[in-house]
Amino acid sequence: MEAPAAPHNPAERPAETELTVTSPDQMRELGRRLAKLLRAGDLVMLTGELGAGKTTLTRGLGEGMGVRGAVTSPTFVIARVHPSLGDGPPLVHVDAYRLSGGLDEMEDLDLDVSLPDSVIVVEWGEGKVEELTDDRLHVVIHRAVGDTTDEVRHVTLTGIGERWTAADLSALSA
């Protein structure tokens with residue numbers, strides 16, 4: 001059986017870009033640049049090892065979106081809402097690391113209610129939040145593991161769904 005042909009229309013392919021980040025400051029700056037692309041209703045899933053830079057990226061998102069409050073890891077509170085200081089959407093920052101029940105546990109957070117009016121960022125959300133929406137941005141952060149002080153991170157951003165088909169994610173590398 002022959003494999004299906006690739007889409008002829010580039011807009012049908014997922015938007016994707018890969019970047020190399022060499023410091024926490026660069027990761028925050030990536031978050032600030034990414035914030036310019038986000039709007040209410042966006043779901044951003046962050047995947048990466050402990051210490052990869054997921055919260056640092058989200059801190060930059062918060063700065064770029066102009067939200068209230070310091071963006072810190074919500075590991076023990078599971079979710080934090082950061083209201084906008086202007087007319088933009090609030091940032092809902094979720095850490096799903098301790099949640100093992102998938103979407104059932106996530107539903108207790110009412111993210112589906114918040115999603116239309118907010119930008120929702122979920123650390124450790126892979127396999128847990130995909131059912132919230134067909135449109136999402138998946139950010140995978142790879143870092144060297146083990147006993148290392150290496151700050152280099154390889155970041156892959158993949159836009160999934162109609163919302164992201166026309167997004168120019170390559171502009172984030174500027």
Side-chain angles (χ1 to χ4, degrees), residues 6-7 9-67 69-75 79-80 82 84 88-97 111 115 118-130 132-174:
N9 181 354
E12 293 175 19
R13 296 184 187 125
E16 184 171 289
T17 196
E18 294 183 18
L19 309 165
T20 299
V21 174
T22 60
S23 71
D25 286 340
Q26 284 186 1
M27 188 66 78
R28 279 176 79 165
E29 179 56 31
L30 174 58
R32 287 190 286 270
R33 288 193 315 266
L34 178 56
K36 294 175 185 175
L37 296 178
L38 298 177
R39 61 185 187 213
D42 283 344
L43 172 65
V44 180
M45 286 179 11
L46 302 179
T47 301
E49 299 288 330
L50 286 170
K54 298 178 296 295
T55 300
T56 302
L57 178 73
T58 306
R59 190 170 295 123
L61 282 172
E63 292 167 5
M65 292 175 61
V67 299
V71 175
T72 59
S73 178
T75 300
R80 280 198 177 93
H82 297 275
S84 175
L91 171 66
V92 178
H93 184 199
V94 179
D95 186 330
Y97 183 75
L111 295 180
L115 185 59
S118 306
V119 170
I120 297 180
V121 176
V122 182
E123 296 186 28
W124 305 97
E126 193 170 8
K128 298 175 183 173
V129 298
E130 290 89 341
L132 285 174
T133 178
D134 291 335
D135 299 305
R136 62 191 169 277
L137 181 63
H138 191 182
V139 180
V140 179
I141 305 170
H142 295 280
R143 71 170 186 92
V145 294
D147 187 19
T148 179
T149 57
D150 188 357
E151 295 290 340
V152 174
R153 307 293 192 259
H154 299 283
V155 182
T156 303
L157 298 98
T158 305
I160 299 163
E162 187 176 329
R163 153 73 174 103
W164 294 100
T165 55
D168 183 11
L169 295 177
S170 66
L172 295 171
S173 61

T22 vs E151 side-chain heavy atoms within contact, under 4.5 Å: no
Checking the side chain of K54 only, and the main-chain atoms of E49 only, is there a donor and an acceptor separated by less than 3.5 Å? yes
Taking every non-hydrogen atom, the tightest pair across P89 and S118: CB-CA, 4.1 Å
Indicate yes or no: at least one non-hydrogen side-chain atom of T158 is less than 4.5 angstrom from one of V140. no
Taking atom CG of D95 and atom CD of E123, what is their separation to the nearest 0.5 Å? 5.0 Å
Taking all heavy atoms of V94 and all of I120, pick out the closest pair and write down the distance. CG2-CG2, 4.4 Å
With the side chain counted from C-beta on, respond yes when H138 and E126 share a heavy-atom pair under 4.5 Å apart, and no when they do not. yes
Quick check for you: to the nearest 0.5 Å, what is the distance between L38 atom CG and M65 atom CE? 6.5 Å
Audit row: L34, L137, side chain to side chain contact (heavy atoms under 4.5 Å, CB included) steps and yes/no: CA-CA 11 Å; L34 178 56; L137 181 63; 3.6 Å; yes
Value rounded to 0.5 Å, distance of CH2 in W164 from CG in L37: 6.0 Å
Euclidean distance, L169 CG relative to T156 OG1, rounded to 0.5 Å: 11.0 Å
I need the L61 CG to T56 OG1 distance, nearest 0.5 Å. 11.0 Å
Intermediate values then yes/no, side chain to side chain contact (heavy atoms under 4.5 Å, CB included), L19 and L157: CA-CA 8 Å; L19 309 165; L157 298 98; 3.8 Å; yes
Closest heavy-atom contact between A15 and A167? CB-O, 3.7 Å
Show the numbers, then the answer: is there a side chain to side chain contact (heavy atoms under 4.5 Å, CB included) between R153 and Q26? CA-CA 10 Å; R153 307 293 192 259; Q26 284 186 1; over 6 Å; no
Could you list the residues that satisfy side chain to side chain donor-acceptor pair (under 3.5 Å) with R59, not counting sequence neighbours? none
Grab the two heavy atoms, one from G48 and one from W124, that are nearest each other, plus how far apart they are. O-CH2, 3.3 Å
Could you pull out the closest heavy-atom pair between M27 and L57, with the gap in Å? O-CD1, 3.6 Å
Distance check, rounded to the nearest 0.5 Å: L172 atom CG versus K36 atom NZ? 10.0 Å
Please check: side-chain N/O of D135 versus main-chain N/O of E162, any donor-acceptor pairing under 3.5 Å? yes
Nearest heavy atoms of T55 and H93, plus distance in Å: CG2-CE1, 4.3 Å
Kindly write out the residues that satisfy salt bridge (Lys or Arg N to Asp or Glu O under 4.0 Å) with R136, not counting sequence neighbours, or none if the list is empty. none
Side chains of V139 and V121: does their closest heavy-atom pair fall under 4.5 Å? no
H154: side chain to side chain donor-acceptor pair (under 3.5 Å) partners, not counting sequence neighbours: T20
